[in-house]
Amino acid sequence: MNFSEKVFKAVKRIPKGSVSTYSEIAEIIGNPDASRAVGNALNKNPTPIIVPCHRVVRSDGKAGGFAKGTKKKIELLRKEGIEIKNNKIDLEKFGCKF
DNA sequence: AACTAGACGCCTC
DNA sequence: GAGGCGTCTAGTT
């Protein structure tokens, strides 16, 4: 299984209304230090429909980047029911640990 | 070989 | 205590 494939699998597990961090994803797939590669893989994700990239945020709580625009990402997250304060997300509340 | 949607630590204010 | 800068890693293109 490719790294990207693992990433997609992990991201797909994120329930609606919850978010996960890049390091969480990296940890789940077995490469806790590949947080950066996770973002890279998501950017080039071949299946943007089944992979909710917008539910993946930084460990800082910031949204991070997004192919369609970070602003759009935040907007989507808000629609999911996630509250963002000062451009930051409550990982304590919405952070999904699986 | 160079880039990236990150993470961590250290330094400064 | 908060913010900014610099550094390192892992994987993809």
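The figures that follow rest on heavy atoms only: side chains count, while hydrogens, waters and symmetry mates do not. Order of the sequence lines fixes the chain letters, A, B, ..., with proteins taken first and strands second; residue numbering starts at 1 for each chain.
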Rounded distance in Å - CD (A/E5) to C1' (C/dT12): 15 Å
d(CD1, A/I25; P, B/dA7) in whole Å: 11 Å
Atom-pair distance (CG on A/L42; P on B/dC3), nearest Å: 21 Å
Atom pair CD1 (A/I28) and OG (A/S23), whose distance is rounded to the nearest 0.5 Å: 9.5 Å
Integer-rounded Å distance: B/dA5 C1' and A/E24 CD: 17 Å
A/K6-A/N2 side chain donor-acceptor pair, cut-off 3.5 Å: no
Rounded distance (nearest 0.5 Å) linking atom CG of A/L91 with atom OG of A/S18: 11.0 Å
Short side-chain N/O contact from A/R58 to OP1 or OP2 of B/dA7, under 4.0 Å: yes
Separation of atom CG in A/N87 from atom C1' in B/dA5, rounded to whole Å: 14 Å
Runs of at least three Watson-Crick or G-U pairs with DNA chain C, cut-off 3.5 Å: B:1-4 with C:10-13, B:6-13 with C:1-8
Value rounded to 0.5 Å, distance of CZ in A/R55 from CD1 in A/I82: 7.5 Å
Euclidean distance, atom CG of residue A/L76 to atom C1' of B/dA5 [Å, nearest integer]: 15 Å
Separation of atom CG in A/D60 from atom P in B/dG9, rounded to whole Å: 12 Å
Under 3.5 Å, which protein N or O atoms sit close to an N or O of nucleotides 7-10 of chain C? Give each pair with its distance.
residue, atom, partner, partner atom, Å
C/dA10, O4', A/D33, O, 3.2

Identify each donor-acceptor pair in which a side-chain atom of residues 71-78 of chain A lies under 3.5 Å from a protein atom, sequence neighbours left out, and give them as a table.
residue, atom, partner, partner atom, Å
A/K73, NZ, A/Y22, OH, 3.4
A/K73, NZ, A/V56, O, 2.6
A/K73, NZ, A/A63, O, 2.7
A/K73, NZ, A/G65, O, 3.2

A/D60/A/K62 ion pair, N-O < 4.0 Å: no
Closest approach of A/S20 to A/C96 (non-hydrogen atoms, all atoms of both residues): OG-O, 4.2 Å
Sugar-phosphate only, base, or nothing, as touched by A/S4 at under 4.0 Å among non-hydrogen atoms: sugar-phosphate
Nucleotide C/dG11, atom P - distance to CD1 of A/I29 in whole Å: 8 Å
Pair of N/O donor and acceptor under 3.5 Å linking B/dA7 base with A/Y22 side chain: no
Nearest-0.5 Å distance, CZ of residue A/F8 to CD1 of residue A/I50: 8.5 Å
Shortest non-hydrogen contact between A/F66 and A/C53, atoms and distance: CE1-CB, 3.9 Å
Selection from B/dA7, B/dA5, C/dT13 that lies nearest to any side-chain heavy atom of A/S59: B/dA7
